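The structure appears below as structure tokens.
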Amino acid sequence: MTRTIDAKTLKTRLAEPGEMALIDVQEPGPCADGHLLFAVPIPYSRFELDIERLVPRTNVPLVLCDGGDGMAEKAAARAQALGYSDVSVLAGGTVGWKAAGYTLYAGVNVPSKTFGELVEHERHTPRISATDFNAMRARGEKVVLVDGRPIAEHKRFTIPGSICCPNGELALRIDEIVADPTVPIVVNCAGRTRSIIGAETLRMVGVTNPVYALENGTQGWFLAGLEVEKGADRIYPAPPQGEKLAAARARAKATAARFGVPGVTAAKVLEWLADTERTTCLIDVRTAEEFQAGSLPGAIHAPGGQLIQATDQWIAVRNARIVLLDSEGVRAPVVGAWLRQLGHDVHVLEGGTSAAIGMTPRDPVAPGVLPVVAEISPADLKAGLAAGSVTCLDLRASAAYRAGHVPGSRWSIRPHLAKAAAGAKTVVLVVDDTGLARLAAVDLAEAGVGAVRMLAGGLRGWQGAGNAVDASPDVPADSERIDFVFHTHRRHEGDPEAARQYLAWEMGLVEQLDAQERAAFRL
């Protein structure tokens with residue numbers, strides 16, 4: 001039996017200084033419907049694939065939470081098989097938490113979004129409405145609009161005329177984007193958080209230009225009856241050199257000092273990494289292209305702006321030491337200043353990517369624990385389906401299954417595998433990621449399935465062999481699609497009511513905080 005922890009005890013421990021990893025193993029849909037504020041999502045369907053990256057120290061106290069359906073107990077067994085030695089399950093999961101009188105939060109990346117709303121409330125971030133900004137441009141006034149989101153989001157849709165510069169790049173590149181220190185700068189995102197954080201980043205580092213957040217971002221823009229632009233490619237310029245870079249570095253250093261973000265030597269980081277009683281995360285905050293061109297051994301990549309926007313995608317151990325690095329001494333200090341305000345113990349690596357750190361990343365445990373799944377050819381699967389001798393389960397995203405799947409296959413997901421495979425002797429899995437097949441094989445073996453195979457080449461292999469696919473726009477039913485986040489998902493599809501609901505949700509986050517949760521942030 002796995003050890004349990006009740007809601008009251010967990011609530012107390014969340015305020016204590018020691019390390020702990022609180023993991024929500026619900027699938028994305030249910031998790032977005034209700035979860036603990038500081039729970040980090042690792043759905044059971046991917047548990048062993050993601051837990052070691054997010055919780056690298058196997059003796060850290062690990063608390064698992066589910067929706068009251070028993071998935072946390074299953075995840076606990078998987079964690080223990082990987083060597084995690086201090087595992088507990090929240091009694092009753094989110095149901096028990098709510099019954100104890102504590103708040104459940106809807107949405108995704110909630111700590112970061114709540115933080116953004118707190119920043120606006122505390123710092124009185126200047127803002128401009130879509131209507132006023134549009135009128136400003138119509139009058140021919142000089143103004144620069146910066147889209148603080150990643151390039152892919154910018155290209156999908158943006159406000160006409162915006163320049164893409166993700167928030168993590170702003171402190172480094174803003175002088176190349178706006179040469180005139182008197183021209184107003186407006187920062188937009190899709191909603192609210194990144195507009196606020198982007199504008200406050202520029203103010204925080206001492207940019208002299210008037211700076212505004214575009215109120216409600218692209219959603220506020222289309223709610224005002226204005227058209228968004230699709231396929232834009234106005235991307236940030238190269239970083240500054242010489243005196244401009246030195247000035248940006250000086251501003252970043254002063255910002256880090258103001259918020260209590262210290263530098264740390266490579267020798268000290270190596271000492272920390274060897275410490276088996278504390279977790280140290282080494283994070284490279286540069287662009288994906290820079291990271292791919294080379295980084296320090298053992299560093300993980302998290303673009304600075306997105307790290308602030310979605311801390312729960314990269315930082316799972318509460319009170320862990322976070323060490324940030326870049327290559328120029330601007331981005332890491334500024335991102336560090338934000339993470340410090342978010343409540344993290346953060347440091348900036350002196351020398352950045354030039355530091356002498358020869359750490360060897362540890363080999364992941366999961367591949368040695370998970371079974372190897374043999375492949376089956378499209379021809380053999382087709383014959384097995386015709387003979388009724390195999391059950392074919394498609395573990396890809398439910399949206400992908402709806403768009404096209406092997407005729408005769410059924411959509412499923414790891415928490416439902418035992419039921420989906422009931423009575424089957426041989427199960428063939430259709431996956432995009434072979435890791436998912438290996439995870440599924442563990443559960444199917446426990447369910448009594450004698451043989452598990454995966455389709456060679458996945459659905460592409462099936463089609464490449466000349467086979468047709470079926471589409472099913474309504475299957476699986478929405479009620480079964482626990483992999484899909486329905487939380488105001490239509491807000492980017494031109495649905496004004498969904499956009500209004502999303503904006504109201506975001507603005508209402510601060511009101512949900514209790515005193516303990518509010519104290520976790522350090523504004």
Side-chain angles (χ1 to χ4, degrees), residues 1-28 30-44 47 50-51 54-80 82 84-115 277-279 281 311-321 342-345 415 509-522:
M1 294 291 292
T2 303
R3 185 169 67 249
T4 60
I5 181 171
D6 62 78
K8 184 178 180 180
T9 302
L10 176 58
K11 182 71 171 172
T12 300
R13 286 185 59 186
L14 286 170
E16 294 175 348
E19 288 190 11
M20 179 178 65
L22 173 59
I23 305 299
D24 192 317
V25 302
Q26 295 182 97
E27 297 306 310
C31 188
D33 289 339
H35 60 272
L36 283 63
L37 176 61
F38 293 113
V40 171
I42 304 181
Y44 179 65
F47 187 76
D50 294 340
I51 185 67
L54 286 165
V55 187
R57 188 165 64 86
T58 55
N59 59 341
V60 73
L62 177 62
V63 179
L64 304 176
C65 174
D66 59 20
D69 56 1
M71 284 300 113
E73 282 81 3
K74 283 198 169 188
R78 310 307 179 217
Q80 289 161 348
L82 293 174
Y84 288 88
S85 58
D86 187 354
V87 184
S88 302
V89 168
L90 174 61
T94 56
V95 177
W97 185 259
K98 185 175 182 179
Y102 303 129
T103 300
L104 293 176
Y105 289 79
V108 298
N109 306 135
V110 177
S112 294
K113 291 180 183 292
T114 304
F115 175 72
E277 298 303 317
R278 282 291 307 274
T279 301
C281 301
T311 52
D312 53 358
Q313 291 184 16
W314 287 282
I315 303 173
V317 179
R318 294 178 61 77
N319 302 315
R321 285 182 293 228
L342 271 157
H344 296 285
D345 179 10
L509 285 169
V510 173
E511 297 175 2
Q512 294 181 261
L513 294 174
D514 62 29
Q516 177 184 312
E517 292 167 337
R518 173 63 180 83
F521 301 106
R522 298 175 183 149

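Predicted model, so just to flag it, every value in this text is computed and none were measured. Starting from 1, each residue takes its place in the sequence as its number. Heavy-atom basis, side chains included; hydrogens, waters and symmetry copies ignored.
Here Phe47 pairs with nothing under the ring-ring contact (aromatic ring centres under 6.0 Å, His included) rule; sequence neighbours left out. Partners of Lys74 by side-chain contact (heavy atoms from CB on, under 4.5 Å), not counting sequence neighbours, listed by chain and number: Tyr44, Met71, Asp443. Listed by chain and residue number, His487, Trp505 satisfy the side-chain contact (heavy atoms from CB on, under 4.5 Å) test with Ala106 (two or more places apart in sequence, or in another chain). Residues passing the side chain to side chain donor-acceptor pair (under 3.5 Å) test with Thr9 are Asp6, sequence neighbours excluded. Shown here are the salt bridge (Lys or Arg N to Asp or Glu O under 4.0 Å) partners of Glu19, two or more places apart in sequence or in another chain: Arg57, Arg278. Residues satisfying the side chain to side chain donor-acceptor pair (under 3.5 Å) test with Asp50, not counting sequence neighbours, are Arg46. Here Thr103 pairs with Tyr105, Gln512 under the side-chain contact (heavy atoms from CB on, under 4.5 Å) rule; sequence neighbours left out. Under the side chain to side chain donor-acceptor pair (under 3.5 Å) criterion, Thr311 pairs with Ser112, sequence neighbours left out. Residues passing the side chain to side chain donor-acceptor pair (under 3.5 Å) test with Asp69: none are found, sequence neighbours excluded. Residues that satisfy the side-chain contact (heavy atoms from CB on, under 4.5 Å) test with Glu511, not counting sequence neighbours, are absent from this structure.
Taking OG1 of Thr12 as the reference point, atom CD1 of Ile5 lies at 8.5 Å (rounded to 0.5 Å). To the nearest 0.5 angstrom, Thr94 atom OG1 is 4.5 Å from Gln26 atom CD. Residue Leu64 holds its CG atom at 7.0 Å from CD1 of Ile51, rounded to the nearest 0.5 Å. Between Leu36 atom CG and Cys31 atom SG the span is 9.5 Å, to the nearest 0.5 Å. Here the CG atom belonging to Asp345 is positioned 8.0 Å from the CG atom belonging to Asn319, to the nearest 0.5 angstrom. Atom NZ in Lys11 sits 12.0 Å away from atom CG in Leu90 (nearest 0.5 Å).
Remark: side-chain polar atoms of Arg318 are paired, donor with acceptor, to backbone N or O of Leu14 under 3.5 angstrom.
A 4.5 Å side-chain heavy-atom check between His35 and Trp97 finds every atom pair outside the cut-off. The side-chain heavy atoms of Pro28 and Pro43, taken from C-beta on, include a pair separated by under 4.5 Å.
The two residues Val110 and Asp312 make their nearest non-hydrogen contact at N-OD2, 4.4 Å. What you find for Arg13 and Pro61 is that their closest heavy atoms are NH2-CB, 3.4 Å. In terms of heavy-atom proximity, Ala76 sits nearest to Val89 at CB-CG2, 4.1 Å. Between Ser85 and Asn59 the shortest heavy-atom distance is OG-CA, 3.6 Å. The nearest pair of heavy atoms linking Pro111 to Leu342 is O-CD2, 4.3 Å. Residues Leu54 and Val317 share a closest heavy-atom pair of O-CG2, 3.8 Å.
For residues 94-105, no pair satisfies salt bridge (charged side-chain N to carboxylate O under 4.0 Å, His left out), with sequence neighbours left out.
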Note to self: Working note: Glu517 + Thr114, criterion side-chain contact (heavy atoms from CB on, under 4.5 Å); need CA distance, chi angles, decisive distance, verdict.
What the structure shows: CA-CA 10 Å; Glu517 292 167 337; Thr114 304; over 6 Å; no
